[in-house]
Structures are given as structure tokens and as C-alpha cells.
Amino acid sequence: MTTAAKKTAAKTTAAKKAPPKFKDAIAMLRADHAKVSGLFAEFEKARSSSKKMALVSTICTELSVHAQVEEEVFYPAVKAALKDKSLIPEAVVEQATMKALISQIEGVAPDGEMYDARVKVLAEYVKHHVKEEHTEMFPRAKATRLDMAALGAQMAQRKAELMA
Ligand SMILES: [Fe+2]
Ligand SMILES: [Fe+2]
């Protein structure tokens, strides 16, 4: 095979294997949820303060960015598409409580049972919030004419900006 042919072959393989550039909006949010859930599970097993603090730092960043992307992009689009007056406002109120819990542990050194309790309550709270998104919000959002691929692209862009 010539070098050029090899290059073409490599390109074709890469093109076949390459994942779509953006996940659709709901797939992206679900992936965030799964990531955070895994981090909370890791926290449960963590014993050292440094490990706990590092995990909490990642959890807080992930949750804050996720909530902001939802509130700036996903929630308004779904609210408008559904002409919703309760589902999204309730989710926003829940996220405000979530942020209050985050502010109590973000950057705080683990100092015993109260710290662990705050992380545990945050984990349970997030689990409840995520369950509502999965069982109520996402199915209703999917049933609308919203372009989830375009919304996902917009969200991925905003997430990248916030993570930078
Ligand atoms: Fe949310
Ligand atoms: Fe979410």
C-alpha cells in the first residue's frame, strides 16, 4: 500500500470510529448525572481527607456547571416548548437548594461527621432531583419538537466555556 493509500485507509477507519461531535441534550445531561453519581460513590469509600476534598471539589464543579447549563440553555427551551409553569420552576428551586448545600462544602476541609453529613445530604438531594429529571422532565421534553441535537451542541459549547 502506498503512503497515500495508507493515509486514506487510516482516515476512513477514524471516520467510522469517530463519535458524533456532540451528544444530544438529554444524553449529555444523563452522562453528567452518571459521572456525579460515580463521584459520590467514590466519596463514600474515601477515607483520607485529601481524597475526600479532591472528590468534593470535582463534585461541586461538575454540579455547578451542570446546573448553570441547564438553567441557561436546557430549562428555558423545555419550559417554552412545554408552556410549563411548574416542572421547570420546581427544578430551579431544587437547584438553588443544591447550590446552598454546595456552598457549605466547597473549599471546606473535611472536619468530621458534619462534613460527611453535608456531602451525604447533597448526594441524596441530587439523586432525588436527577430522578425527577429522568422520569418526568426528559420524557416530556423528548415528546416536544425540540431539536435535541442543536440544543446539545449549544449546551456543550456553554459547558466548555464554564469549565475553562
Ligand atoms: Fe437539574
Ligand atoms: Fe440535571
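Positions are given from 1, in the same order as the sequence printed here. As the structure lists them, so they are numbered: ligands from 1, and atoms in each ligand from 1.
- Within the 2.8 Å limit, His129 places at least one N, O or S atom next to the Fe ion (ligand 1).
- No more than 12 heavy atoms of other residues, nucleotides or ligands lie within 6.0 Å of CD in Gln157, so this atom counts as exposed by the packing criterion.
- When each of Leu55, Leu101, Val56 is paired with Val119, the side chain to side chain contact (heavy atoms under 4.5 Å, CB included) condition holds for Val56 and for no other.
- Of all N/O/S atoms in Glu70, OE1 sits nearest the Fe ion (ligand 1).
- Looking at heavy atoms from C-beta onward, Val78 lies out of side-chain contact with Leu87 at the 4.5 angstrom threshold.
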- Message: Checking Met148 against Phe74 for the side-chain contact (heavy atoms from CB on, under 4.5 Å) test, could you report, in this order, the C-alpha distance in whole Å, the side-chain angles of both residues, the deciding distance, and whether it holds?
- Response: CA-CA 9 Å; Met148 290 298 175; Phe74 188 73; 4.3 Å; yes

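- Residue-level check: among N/O/S atoms of Glu133, OE1 sits closest to the Fe ion (ligand 2).
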